[in-house]
Novice: 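Sharing a structure, written as structure tokens. Questions coming.
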2 protein chains.
Amino acid sequence: MQNLESIGVKIRNLREGADMPLRKLAALLDVDQSTLSKIERDERKPNIKMIEEVSKIFNVDKDELLISFYSDIVFYEIQDENSFSKILQVAEAKIQYQRTITNKKK
Amino acid sequence: MQNLESIGVKIRNLREGADMPLRKLAALLDVDQSTLSKIERDERKPNIKMIEEVSKIFNVDKDELLISFYSDIVFYEIQDENSFSKILQVAEAKIQYQRTITNKKK
DNA sequence: GTATATTTGGACATAATTTGTCAAGAAATA
DNA sequence: TATTTCTTGACAAATTATGTCCAAATATAC
């Protein structure tokens with residue numbers, strides 16, 4: 001089964017699971033605690049560097065976090081579109097097609 | 001079979017199919033011709049209003065254009081990610097899940 | 001070839017969005 | 001109640017998007 005948590009909720013869960021105060025994780029990630037608070041409540045996005053740090057600090061798979069991160073972005077981009085399913089299908093085909101092109105080139 | 005053209009290429013094809021100069025379509029869409037030129041070559045994105053106008057002018061399905069438009073956006077967002085397929089799958093599940101929530105609420 | 005029409009490119013200003021910071025207030029805990 | 005933790009909103013700075021102009025490049029017509 002899939003994990004549908006947002007990247008923010010994931011980070012909060014990891015942090016609370018380790019009994020770490022927000023303030024401390026913010027320091028480790030080198031951001032203001034208000035920024036981290038907003039990230040955990042999905043008011044802001046983390047950046048890739050933060051995600052890498054989080055994966056190291058809590059020793060979790062970076063890819064899993066990245067999937068959560070990027071799927072959030074896609075989610076916000078097209079959540080209100082009726083044809084969301086078709087959009088994703090076409091997007092995937094476009095990426096796959098591009099890869100066939102760029103592989104041929106080298 | 002799917003249509004993998006970018007929204008820009010789609011617009012250009014429609015315009016050329018109608019033998020209409022870029023300058024004229026730009027006027028109809030109320031944008032600078034250099035802006036339309038960039039849109040047709042995928043250097044910029046059109047906005048939704050332009051897409052609606054294009055669908056009216058050339059009498060094509062608006063949804064088809066919107067799918068092209070949004071899949072471009074998703075494409076650029078995640079084209080370099082190895083787990084792109086998984087990302088899209090999770091994004092779709094998130095949208096579907098959200099819809100079950102919001103339907104229950106009313 | 002020259003002239004004309006069409007398209008492209010780049011510089012620039014303005015607007016919108018994102019990102020980072022701070023400090024005070026609210027909530028939770030001791 | 002006192003202390004720690006978290007949230008909120010306001011603000012400035014940085015980044016990105018958008019719109020405009022005009023000259024250069026390209027294509028087409030004469």
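Note on naming: letters A, B, ... go to the chains in the order of the sequence lines (proteins, then strands), and numbering restarts at 1 for each one.
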Novice: Salt bridge check: are B/R15 and B/E40 linked by an N-O gap of less than 4.0 Å?
Specialist: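 Between B/E40 and B/R15 there is a salt bridge, with a charged N closer than 4.0 Å to a carboxylate O.
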Novice: Nearest whole Å is fine: how far is C/dT6 C1' from B/R23 CZ?
Specialist: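 These atoms are roughly 8 Å apart.
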Novice: Of all residues at least two apart in sequence or in a different chain, which pass the salt bridge (Lys or Arg N to Asp or Glu O under 4.0 Å) check with B/E64?
Specialist: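 By the salt bridge (Lys or Arg N to Asp or Glu O under 4.0 Å) rule, B/E64 matches B/K10.
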Novice: What is the bend of the helix from C/dG1-D/dC30 to C/dA30-D/dT1 when you compare the axis at one end with the axis at the other, using five pairs each and rounding to 10°?
Specialist: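 The value is 30°.
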Novice: Does A/E43 pair with A/K38 as a salt bridge, N-O distance under 4.0 Å?
Specialist: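 So A/E43 does not pair with A/K38 through a salt bridge.
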Novice: My understanding is that only residues two or more places apart in sequence, or in another chain, count here; which of them pass side-chain contact (heavy atoms from CB on, under 4.5 Å) with A/A18?
Specialist: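 If we apply the side-chain contact (heavy atoms from CB on, under 4.5 Å) test to A/A18, skipping adjacent residues, the hits are A/F58.
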Novice: Could you measure the distance from the CD1 atom of B/I7 to the CD1 atom of B/I39? Nearest 0.5 Å is fine.
Specialist: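 That separation rounds to 9.5 Å.
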Novice: List in chain and number order the residues that pass side-chain contact (heavy atoms from CB on, under 4.5 Å) with B/K62, two or more places apart in sequence or in another chain; answer none if no residue qualifies.
Specialist: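 B/E52, B/S55, B/L66.
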Novice: With B/K94, which residues qualify under salt bridge (Lys or Arg N to Asp or Glu O under 4.0 Å), at least two apart?
Specialist: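 Counting only residues at least two positions away or on another chain, B/K94 forms a salt bridge (Lys or Arg N to Asp or Glu O under 4.0 Å) with A/D72.
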Novice: Below 3.5 Å, can you tabulate the donor-acceptor pairs from side chains in residues 21-36 of chain A to any protein atom, sequence neighbours excluded?
Specialist:
from  : atom 1 : to    : atom 2 : distance (Å)
A/D32 : OD1    : A/S34 : N      : 2.9
A/D32 : OD1    : A/S34 : OG     : 3.0

Novice: List the residues meeting salt bridge (Lys or Arg N to Asp or Glu O under 4.0 Å) with B/R44, not counting sequence neighbours, and say none if there are none.
Specialist: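 Counting only residues at least two positions away or on another chain, B/R44 forms no salt bridge (Lys or Arg N to Asp or Glu O under 4.0 Å).
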Novice: Just the rounded figure in Å: distance from C1' of C/dT18 to CG of A/D32.
Specialist: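 Those two atoms, CG and C1', are 15 Å apart.
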Novice: Please list residues of residues 33-42 of chain A whose heavy atoms come under 4.0 Å from any atom in DNA chain C, ordered by number; otherwise none.
Specialist: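 Going residue by residue through residues 33-42 of chain A, the ones with a heavy atom under 4.0 Å of DNA chain C turn out to be A/S34, A/T35, A/K38.
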Novice: Under the side-chain hydrogen bond (donor to acceptor under 3.5 Å, both in side chains) test, which residues partner B/S83, sequence neighbours left out?
Specialist: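 side-chain hydrogen bond (donor to acceptor under 3.5 Å, both in side chains) list for B/S83, sorted by chain: empty.
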Novice: Could you state the interatomic distance from CD (B/E77) to CG (B/L88), rounded to the nearest 0.5 Å?
Specialist: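 Going from the CD atom of B/E77 to the CG atom of B/L88 covers 11.0 Å.
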Novice: For A/E5 and A/S68, test the side chains for any donor-to-acceptor distance below 3.5 angstrom and give the result as yes or no.
Specialist: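 On atom types as modelled, these side chains do not qualify, holding no pair under 3.5 Å.
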Novice: Considering residues at least two apart in sequence or located in another chain, which fulfil the salt bridge (Lys or Arg N to Asp or Glu O under 4.0 Å) criterion with A/E16?
Specialist: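 For A/E16, no residue satisfies salt bridge (Lys or Arg N to Asp or Glu O under 4.0 Å) once neighbours in sequence are set aside.
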Novice: Taking heavy atoms of chain B and a 4.0 Å limit, find me the 5'-most and 3'-most nucleotide of DNA chain D within that range.
Specialist: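 The footprint of chain B covers D/dT18 to D/dC21.
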Novice: Just how far, in rounded Å, is C1' of C/dT18 from CD1 of A/I73?
Specialist: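 Rounded to whole Å, this separation is 13 Å.
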Novice: From C-beta outward on B/E43, which listed nucleotide comes closest to its side chain: C/dC22, C/dG9, C/dT8?
Specialist: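 Of all the options, the side chain of B/E43 is nearest to C/dG9.
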Novice: Which ones in residues 12-19 of chain B lie close to DNA chain C, meaning a heavy atom under 4.0 Å from one of its atoms?
Specialist: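 B/R12, B/R15, in order of number.
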Novice: How close or far is atom P of C/dT17 from atom NZ of B/K45, stated in whole angstroms?
Specialist: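 For the pair B/K45 NZ and C/dT17 P, the rounded distance is 11 Å.
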Novice: Atom CE of B/M20 to atom C1' of C/dT6: distance rounded to whole Å?
Specialist: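 So the CE-C1' distance, B/M20 to C/dT6, works out to 15 Å.
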